[in-house]
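First the structure, in the form of structure tokens, and then the observations on it.
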Amino acid sequence: MRLFVSEGAPGSLPVLAAAGRAQGGEELLISTVGPEECVVPFLTQPKVPVLQLDSGNYLFSTSAICRRRNL
């Protein structure tokens, strides 16, 4: 899984806190991107934080990302 965050993005801090608390078995790569960098190919506007799952799907909701057990 890959977590994209950006400095100053409102949802980045709780997502990073949840990632720090998690004790999942899956590997998590955390990438810090610029506020205007588009990390999801099918979106025209940048959106962070976003969690890219191993299946290729994306989670955009901060609360959904934080609830993910294997984060």
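Predicted model only: the values in this text are computed from it and were never measured.
- Annotation for Cys66 and Pro14: closest pair SG-O, 3.6 Å, computed over non-hydrogen atoms.
- Pairs engaging residues 2-17 under the side chain to side chain donor-acceptor pair (under 3.5 Å) rule: Arg2-Ser31 [sequence neighbours left out].
- When hydrophobic side chains of Ile, Leu, Val, Met, Phe, Trp and Tyr are connected at separations under 4.5 Å, Val33 ends up clustered with Phe4, Val39, Val40, Phe42, Leu43, Val48, Val50, Tyr58, Phe60.
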Please assess Met1 against Leu29 for the test side-chain contact (heavy atoms from CB on, under 4.5 Å), listing each intermediate value before the final yes or no. CA-CA 6 Å; Met1 290 188 297; Leu29 175 63; over 6 Å; no
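- Ser61 is linked by a side chain to side chain donor-acceptor pair (under 3.5 Å) to Ser63, counting only residues two or more places apart in sequence or in another chain.
- Residues passing the side chain to side chain donor-acceptor pair (under 3.5 Å) test with Asn57 are Ser55, sequence neighbours excluded.
- Note: Leu16 CG to Arg21 CZ = 11.5 Å, rounded to the nearest 0.5 Å.
- In this structure, the separation between CD on Glu37 and OG1 on Thr32 is 10.5 Å, given to the nearest 0.5 Å.
- The two atoms that bring Ile65 and Leu59 nearest to each other are CD1-O, 3.5 Å, heavy atoms only.
- Under the 4.5 Å side-chain heavy-atom criterion for ILVMFWY residues, a single connected hydrophobic cluster contains both Leu53 and Ile30.
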